[in-house]
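Note: hydrogens, waters and symmetry copies are ignored here, and every other heavy atom, side chains too, is used. Numbers here simply count residues along the sequence, with the first being 1.
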Amino acid sequence: LMPQRAAAGGADDVLHAFTEHVMAMGMTPSSEIAQRFANNLMQALCHRMDAVDAPYLEQEDETVQQWLDGRRHMRDDTGSAAKLYSCSMYTDDPYFCCVGVERTIRLVTVWHEIASRSGLMLAKASKWQIGAGGITWLGINISAQLGLAWVSPEKALRAIEDIQCVLDGRCDVGEYRKLVGFLEHLLPVTDMPRHMMDHLYAPLQVGAEIDSGTSTPLREDGRRDGYLRKWVHVLSNTPGASLLAFAGARAAPTHERVW
């Protein structure tokens with residue numbers, strides 16, 4: 001259910017009912033059923049892994065113990081941050097970071113136990129990836145060994161081709177909307193400033209091309225095209241960043257998260 005837009009702005013008392021026939025990924029009205037299930041899986045995984053790994057954490061040296069002690073007060077729905085692994089899952093794509101080979105084996109074992117007991121069908125083995133040399137997640141190559149993250153060549157080429165369609169005047173607003181969403185996905189890994197995206201949303205605003213339907217051709221816009229040319233330059237030359245820049249600085253959690 002979504003409220004109707006009020007004439008003076010904001011939400012009206014009238015509600016509209018929508019039936020989704022496709023997964024509305026990343027959109028405000030999306031049900032997030034799959035994402036909430038993924039969050040629950042990660043929560044169950046962390047609680048089980050914390051219990052399995054606890055005896056081994058006690059065997060770590062004094063330096064590691066001091067680091068763990070400094071993180072025990074930081075908690076969220078996955079438990080304490082005093083752990084030597086991390087995990088996340090976007091809808092149906094999980095990834096894990098782990099310290100040490102033995103701990104990695106324990107984590108993978110726990111994950112398969114959780115997934116199999118949940119009645120899930122895992123992806124075929126050819127899609128599984130492991131190692132410090134580099135893995136690909138959601139089109140992003142990540143190397144813990146190098147401390148780098150970068151856009152995969154096929155994803156970079158796809159973005160460049162789509163941008164060229166805009167610059168050539170061959171793109172409608174529906175395809176353009178997909179491109180903008182894709183560039184949002186690539187923004188953190190390229191370490192591009194936030195303002196690189198701001199003007200790209202002009203055709204998607206009220207009163208712009210999107211109001212005439214998704215098949216409406218884009219209007220000429222020199223400022224928009226200037227930003228898109230900067231994107232082409234970055235994707236062609238430096239489509240990556242350090243893992244520290246990619247992850248970004250985040251404040252320590254101070255309360256439980258509610259999904």
Side-chain angles (χ1 to χ4, degrees), residues 23 25-26 30-138 140-149 188 242-244 246-259:
M23 186 180 295
M25 296 175 63
S30 64
S31 64
E32 295 188 358
I33 292 175
Q35 187 59 54
R36 287 198 293 269
F37 179 62
N39 294 341
N40 287 334
L41 280 178
M42 293 297 100
Q43 183 177 359
L45 171 69
C46 288
H47 290 170
R48 173 61 179 153
M49 180 60 185
D50 286 349
V52 170
D53 203 40
Y56 300 95
L57 286 181
E58 296 175 357
Q59 301 173 19
E60 296 290 342
D61 61 32
E62 183 178 352
T63 301
V64 175
Q65 295 299 337
Q66 291 176 354
W67 184 84
L68 293 171
D69 289 341
R71 297 174 63 84
R72 295 192 195 282
H73 71 285
M74 295 186 287
R75 304 185 63 86
D76 60 13
D77 54 330
T78 62
S80 170
K83 49 176 62 100
L84 294 179
Y85 71 92
S86 66
C87 59
S88 184
M89 187 171 180
Y90 180 68
T91 308
D92 62 345
D93 285 317
Y95 82 90
F96 314 100
C97 298
C98 208
V99 177
V101 175
E102 292 79 8
R103 183 168 287 104
T104 300
I105 293 173
R106 292 194 289 272
L107 181 59
V108 171
T109 301
V110 171
W111 166 241
H112 278 264
E113 291 175 354
I114 295 290
S116 60
R117 291 175 183 176
S118 301
L120 298 174
M121 181 185 296
L122 295 177
K124 55 185 179 181
S126 61
K127 290 190 173 183
W128 301 353
Q129 303 175 70
I130 192 169
I135 62 170
T136 302
W137 190 62
L138 299 177
I140 306 300
N141 293 329
I142 303 171
S143 174
Q145 187 176 39
L146 297 175
L148 297 174
S242 73
L243 287 179
L244 291 177
F246 178 32
R250 299 180 184 178
T254 57
H255 56 79
E256 296 282 339
R257 280 184 292 175
V258 179
W259 298 99

*asked:* Run Q35 and N39 through side chain to side chain donor-acceptor pair (under 3.5 Å) and show every step you take.
replied: CA-CA 6 Å; Q35 187 59 54; N39 294 341; 3.0 Å; yes

Can you tell me how far the [atom1] atom of [X] sits from the [atom2] atom of [Y], to the nearest 0.5 Å?
X: Y90; Y: M42; atom1: OH; atom2: CE; result: 15.0 Å
X: F96; Y: I130; atom1: CZ; atom2: CD1; result: 10.0 Å
X: L84; Y: W67; atom1: CG; atom2: CH2; result: 5.5 Å
X: L45; Y: N40; atom1: CG; atom2: CG; result: 12.5 Å
X: R71; Y: S80; atom1: CZ; atom2: OG; result: 8.0 Å
X: L243; Y: L148; atom1: CG; atom2: CG; result: 6.5 Å

*asked:* If we count only N and O atoms by modelled type, under 3.5 Å, do the side chains of Q65 and D69 hold a donor and an acceptor together?
replied: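 The criterion, which ignores hydrogens and geometry beyond distance, is not satisfied for D69 and Q65.
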
Whether the side chain of [X] engages the backbone of [Y] through a donor-acceptor N/O pair (distance < 3.5 Å, no angle test) should be reported.
X: R48; Y: A44; answer: no
X: S118; Y: L120; answer: no
X: R103; Y: C98; answer: no
X: Y85; Y: C46; answer: yes

*asked:* If you define the side chain from C-beta out and look only at heavy atoms, does anything of M89 sit under 4.5 Å from F37?
replied: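 Of all side-chain heavy-atom pairs linking F37 with M89, none is under 4.5 Å.
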
_Under a 4.0 Å threshold between the charged nitrogen and the carboxylate oxygen, would K83 count as salt-bridged to D53?_
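A salt bridge is absent here (no side-chain N lies under 4.0 Å from a carboxylate O).
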
Looking only at heavy atoms, what is the nearest atom pair of [X] and [Y], with distance?
X: H47; Y: G79; answer: NE2-N, 4.1 Å
X: D76; Y: T78; answer: OD1-OG1, 2.6 Å
X: L57; Y: A82; answer: CD1-O, 3.9 Å
X: A51; Y: P55; answer: O-CD, 3.7 Å

*Hey, can you tell me if W128 and H112 have their rings parallel, tilted or perpendicular (30° and 60° cut-offs)?*
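Taking H112 first and then W128, their aromatic rings stand perpendicular (interplane angle over 60°).
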
